[in-house]
Every structure is written in C-alpha cells, then in structure tokens.
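The structure presented is a predicted model; accordingly, all values stated were derived computationally and were not measured. Just follow the structure's listing: the first ligand is 1, and inside any ligand the first atom is 1.
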Amino acid sequence: MKPRNIIIDTDPGIDDAAAITIAVRNAALNVKLISTVAANVEVEKTTENALKLMEFLGADIPVARGCDAPLLKKLEPCPEIHGVSGMDGYDFPKVKRQPLRKHSVEAMREVIMDSDEKITLAALATHTNIAILLRMYPEVKEKIDEIVMMGGGLSGGNTNTVAEFNLYNDPHAAYMVFESGLPITMLGLDVTNKAILHKNTALKIRESGKEGDMLYSLFEHYRGGTFEEGLRIHDACVMAYMLRPELFKTEKMYVGMVTEGYAQGATVAGKVNPIAPGREPNVNVCVHVDEAAFEEWFAGEFCR
Ligand code: BDR
Ligand code: CA
C-alpha cells in the first residue's frame, strides 16, 4: 500500500516527540515536512526540538519554523508539563541542522501544491499556522485530504475545567479550522486521556533500542500523568488513528469553538448544530478508544 503523505504541525513537546518518532519510523506514513508553532514552549524551542529529533532519528525531513504567538491571544506556554526546553530529560547532541529559510506557512503551501498526491495535516498543537495557511492560500484546500488533530473534547478540559490546551491557546485559529469545510478528525481528551502508557510498557519500550531509550528518558520528565497512574501521550493518538483507525469509534458531530469569555477555548459539540440547524456536521469526533489495544499498538511500534 502507498504510504500516506503527511505534514506534521507541532510544538514538541514530549508527547509530540513520541508521535513524531512513531511517524518517522513507520513506513506507512511519509512525513514531508515538520512545521513548528509556539504553544507548549516558545517557537525557537519547539523548532530546535524538532531539529534535534530529526538529527537523532537520522531523518532527512525539512523543519520549518512557524508562528511565534497565537492570532489574538498572548502565548501561555506550559513548561510545567514538558520542561523549560519543551523536551527536558534527554541529552540530545548539539544540532547542526537549520530550519528552512522560509516561514512554515510558505513551506506548507509549497509542499501541498507541489505534491502529486493529497496531503494529510497531522495537527499536534495550536492551530495558528494552519489557520493562516488556509486564509492566505485557500487553494491548498483542494489538495488536503484531511486534518487529523489532537485537541478539544466533548466534556471538560485540561488547561481549565472547560478548555483543552491546544485549542485554549489559539481558539480563534481553531475556529477558522473548524469552519474551513475540510474533513477533520478530532482526537480530543475523551480519548487521549484514556490512551495511556503504564510503566511496564514504558520499560519495554526503553529496552527496544535508542529511540525507545530516548522516549523513556523524556517520559520520566513528562508531567502529563505519572508512571504509576499512566502517562497520557495525547499526540500519539493522531498517529494511532492514521495507522490503526479500528482502535477508535467515531461519530460525525457539529463542533463549535468558544472564542471569547469565561469558556474561551472550549469546544461545544453535539449531533445537532444549535447555531445553524440543518447544516452538515463538520467533524468526525473520536468518542471511544480501545485502551488496551492502544497501549499494545504503541509498544509494538518500538518492540517489533
Ligand atoms: C496537548 O497539549 C500539549 O501540551 C500536548 O503536546 C498536546 O498536544 C494536550 O492537551
Ligand atoms: Ca502538542
């Protein structure tokens, strides 16, 4: 089977690092570009982290630096989850590579327009770059087959009681993406909070080789859960969905974004659109994950 061509838009980020490592290693995915954005930490750091990963993995995939702040809000990074560098815990060799000399919005446009096949956007972060891409170059829409995103949720948040981090950081960009008319699959907290790794699995991954060892060291510093209760590797769900969609149950829903007020960053999702009745649902929402199968899949990506 032909590999699926993807662009990863990301803010590494420890769970991003796990997702990127899986994508780069799995021949079913052809990663054409890594586009970075400010979210977990500042964009200088997320770009450096993406370059470190490419070098470590020996991957010849270009990295393009994107936006350094959300569209309208001030950046509110979360070093308390991923560490000050955004990827604390592993001593990566000094990076010799450089990012592309163009903005990631330009780089995404070029990759998409130059590709013979349609491209999937794997959105692991705040949607600032993607919203600007769609607004500046709407012609790319014809050549995007799907946006598979980690973010939002049907009930509850993780940044506050209502909002998930990626969408909280740039709700206006997320609004533009949800309203874009493109096919979207959403992996929200309802599934990503359940897609967890336990310590025995993480230990097996550590023994699998240098990539597993690197990720284990990052996991030791990750504060998205604990080894005891299980680590929530949210962004890896995007790769799991692309590689093993049968692990998830999905439902078509209308998803709206709250862009202002106390509930800023929350998603309002349901089967009936209260704002424009009769309109088609805009998002394929993952509502269930087979937790045991997810953990087995994750381990299997390393322990082959
Ligand atoms: C999301 O927020 C970030 O901290 C993670 O990398 C993930 O993309 C989880 O809410
Ligand atoms: Ca992320």
- [ ] Report yes or no: does a heavy atom of H82 sit under 4.0 Å from some atom of ligand 1?
- [x] yes
Task: Of all N/O/S atoms in D235, the name of the one nearest the Ca ion (ligand 2) - done: OD2
Open item on the list: Using a strict threshold of under 4.0 Å (side-chain N to carboxylate O), is an ion pair present between E117 and K143?
Closed with: no
Task: For E164, atoms of ligand 1 separated by under 4.0 Å from a heavy atom - done: 1 (C), 2 (O), 9 (C), 10 (O)
TODO: Examine all N, O or S atoms of D11, backbone included, and report whether one is under 3.0 Å from the Ca ion (ligand 2).
DONE: yes
Task: Nearest-neighbour protein heavy atom for atom 4 (O) of ligand 1, which is reported as residue plus atom name and distance - done: N40 OD1, 2.5 Å
TODO: Write out the residue and atom name of the closest protein heavy atom to atom 2 (O) of ligand 1, then the distance separating them to 0.1 Å.
DONE: F165 CD2, 3.3 Å
TODO: State whether R232 and E229 are salt-bridged, where the test is any N-O pair (Lys NZ or Arg NE/NH1/NH2 against Asp/Glu carboxylate O) under 4.0 Å.
DONE: yes
Task: Salt-bridge present (R223, E80; N to O < 4.0 Å) - done: no
Open item on the list: List ligand 1 atoms under 4.0 Å from L124, heavy atoms only on the residue side.
Closed with: 8 (O)
Open item on the list: Looking only at protein heavy atoms, which one is nearest to atom 8 (O) of ligand 1, and what is the separation?
Closed with: D235 OD1, 2.7 Å
- [ ] Before signing off on this row, confirm whether M150 and ligand 1 have an N or O atom pair separated by under 3.5 Å.
- [x] no
- [ ] Using a strict cut-off of 4.0 Å, indicate which atoms of ligand 1 neighbour a heavy atom of N158.
- [x] 9 (C), 10 (O)
TODO: Give a yes or no on whether a salt bridge exists between E146 and R4, defined as a side-chain N under 4.0 angstrom from a carboxylate O.
DONE: yes
Task: R97 with E55: basic N within carboxylate O range, under 4.0 Å - done: yes
TODO: Kindly report the OD1-the Ca ion (ligand 2)-O angle for D16 and L124 respectively, rounded to 10°.
DONE: 140°
- [ ] Check each heavy atom of I81 against ligand 1 and say whether those closer than 4.0 Å belong to the side chain, the backbone, both or neither.
- [x] neither
Open item on the list: I'd like to know if the side chain of H172 pairs up with that of E260 as donor and acceptor (distance under 3.5 Å, no hydrogens or angles considered).
Closed with: yes
Open item on the list: At less than 4.0 angstrom from any non-hydrogen atom of D15, what atoms of ligand 1 do you find?
Closed with: 5 (C), 6 (O), 7 (C), 8 (O)
Task: Flag for E301-N26: side-chain donor and acceptor within less than 3.5 Å - done: yes
Task: Residues E142, K118: salt bridge by 4.0 Å N-O rule - done: no
Open item on the list: Report whether any nitrogen, oxygen or sulfur of P12 sits less than 3.0 Å from the Ca ion (ligand 2) (N, O or S, backbone or side chain).
Closed with: no
- [ ] Assign the ring pair F294 / W297 to parallel, tilted or perpendicular, where the plane angle (0 to 90°) is split at 30° and 60°.
- [x] tilted
